[in-house]
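Everything on this sheet refers to the single structure shown next.
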Amino acid sequence: MRKFIVGNWKMNGMSADLGEIAAISAVAQLYTSVDSALCIPATLIDRAVKAVGDFPIGGQDCHMQNSGAHTGCVSSEMLSDAGAVLTIIGHSERRAAQHEQDSDIRAKAEAASAAGLKVIVCVGETLEERDAGKALDVVLGQLKLSLPDTVAGAWLSVAYEPVWAIGTGRVAEPADVEEMHGAIRAALKERFGEECGAIHILYGGSMNGDNAAELLAVPNVDGGLIGGASLTAAKFKPILAAAQATSE
Ligand code: PEP
């Protein structure tokens with residue numbers, strides 16, 4: 001499977017950073033065996049899309065409704081209207097800080113898909129849950145409740161992001177990543193059938209140029225969701241190179 005490498009800028013990015021977004025898109029387009037994208041603040045999407053041509057630009061969330069009395073929220077149709085072609089749903093930072101539940105994430109995924117966006121649904125356990133031996137149960141439970149009943153087509157990716165590895169510099173052990181990604185793949189096949197072999201399962205959590213080659217070589221790791229190391233073309237480039245080396 002072609003690897004899928006997605007940058008997540010989180011709440012970073014001003015007008016002055018549009019040049020860096022253009023630099024990232026230019027670098028990404030050198031790696032022709034890799035699919036890549038950059039998810040940025042909604043305020044920059046329209047201008048970024050104009051700056052990067054065909055390179056996919058995404059949002060980092062969306063509301064489950066298309067419009068209405070939801071002060072401060074952005075709908076999937078608005079993201080699409082601004083030129084976004086994908087969005088991240090259920091990132092652990094939103095699950096924790098915005099108290100998003102699996103049912104919210106499922107509704108958002110349905111709305112985003114209906115608006116024609118590709119969707120990356122995030123799942124992942126906390127350190128307490130892993131230490132208590134509950135990582136598999138937690139992640140498979142999130143997966144079951146966060147995904148819509150119909151996931152046919154290439155619109156969906158799943159990102160496994162252990163919460164304790166996000167932004168911490170601490171990376172999951174390849175053996176643990178292999179176990180989790182294998183379990184996610186098996187759960188997808190059991191629920192949705194063989195066609196779900198085409199769903200990208202991304203690893204996220206302190207992936208960078210030093211560890212990407214090892215992580216991307218793990219079975220069922222079909223790409224990465226990258227925070228800090230996606231903020232500059234210089235940091236993103238070695239991850240794309242590692243992905244190119246392991247893309248099929
Ligand atoms: C993320 O934002 O999803 C992420 C994995 O962040 P970082 O790469 O900085 O850990």
Side-chain angles (χ1 to χ4, degrees), residues 3-13 17 20-21 24 27-28 34-42 44-45 48 56-62 84 86-98 100 105 108-109 112 117-127 129-130 135 138-139 142-143 146 156-174 176-177 180-181 184 200-216 218 220-243:
K3 294 283 199 250
F4 187 30
I5 302 294
V6 182
N8 173 19
W9 270 29
K10 313 193 186 198
M11 199 171 72
N12 298 292
D17 299 308
E20 196 63 44
I21 292 173
I24 287 169
V27 157
V34 179
D35 293 322
S36 51
L38 196 58
C39 294
I40 59 175
L44 288 180
I45 289 173
I57 293 291
Q60 302 171 10
D61 177 44
C62 69
L86 74 157
T87 193
I88 298 167
I89 303 289
H91 193 283
S92 63
E93 288 158 9
R94 294 199 59 84
R95 288 180 184 258
Q98 272 72 39
E100 289 190 2
I105 292 156
K108 289 176 178 210
L117 300 177
K118 289 191 174 207
V119 179
I120 300 168
V121 170
C122 302
V123 292
E125 82 285 356
T126 63
L127 191 54
E129 289 163 341
R130 175 155 288 274
V138 167
V139 168
Q142 289 175 339
L143 192 71
S146 301
L156 179 72
S157 300
V158 172
Y160 167 57
E161 300 205 299
V163 176
W164 45 271
I166 298 177
T168 59
R170 199 174 152 190
V171 184
E173 291 297 326
D176 292 336
V177 175
M180 189 62 80
H181 280 237
I184 292 172
H200 285 89
I201 306 174
L202 314 180
Y203 169 81
S206 297
M207 190 185 279
N208 59 39
D210 294 332
N211 58 33
E214 185 178 23
L215 288 163
L216 291 169
V218 171
N220 287 307
V221 174
D222 308 316
L225 183 56
I226 296 94
S230 72
L231 288 171
T232 65
K235 286 184 183 166
F236 206 43
K237 187 175 178 183
I239 301 175
L240 294 163

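Counting starts at 1 for both ligands and their atoms, in listed order.
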Handout entry: Nearest-neighbour protein heavy atom for atom 1 (C) of ligand 1, which is reported as residue plus atom name and distance
Key = His91 NE2, 3.3 Å
Practice task
Identify, for atom 3 (O) of ligand 1, the protein heavy atom at the shortest distance, and state residue, atom and that distance.
Solution key: Glu161 OE2, 2.6 Å
Exercise for the section: Report, as yes or no, whether the 6.0 Å neighbourhood of atom CD on Glu173 holds more than 12 heavy atoms from other residues, nucleotides or ligands. Expected result: no
Exercise for the section: Tell me, please: is Ser230 in heavy-atom contact with ligand 1, that is, under 4.0 Å? Expected result: no
Exercise for the section: Identify the protein heavy atom lying closest to atom 2 (O) of ligand 1, giving its residue, its atom name and the separation to 0.1 Å. Expected result: Lys10 CE, 2.7 Å
Practice task
May I ask you to list the atoms of ligand 1 that are less than 4.0 angstrom from any heavy atom of Leu225?
Solution key: 3 (O), 5 (C)
Handout entry: Set of residues satisfying ring pair (Phe, Tyr, Trp, His ring centres under 6.0 Å) with respect to His91, sequence neighbours excluded
Key = none
Completion exercise
Logged contact type for Asn8 with ligand 1, heavy-atom cut-off 4.0 Å, is side chain
Exercise for the section: Could you see which bit of Glu93 sits under 4.0 Å from ligand 1, with heavy atoms only: side chain, backbone, both or neither? Expected result: neither
Handout entry: Residue pairs fulfilling salt bridge (charged side-chain N to carboxylate O under 4.0 Å, His left out) with at least one residue in residues 220-236, sequence neighbours excluded
Key = Arg185-Asp222
Exercise for the section: Heavy-atom contacts with Gly167 under 4.0 Å: which atoms of ligand 1 show up? List them by number with element. Expected result: 7 (P), 9 (O), 10 (O)
Completion exercise
The answer for which part of Ala159 has a heavy atom under 4.0 Å from ligand 1 is neither
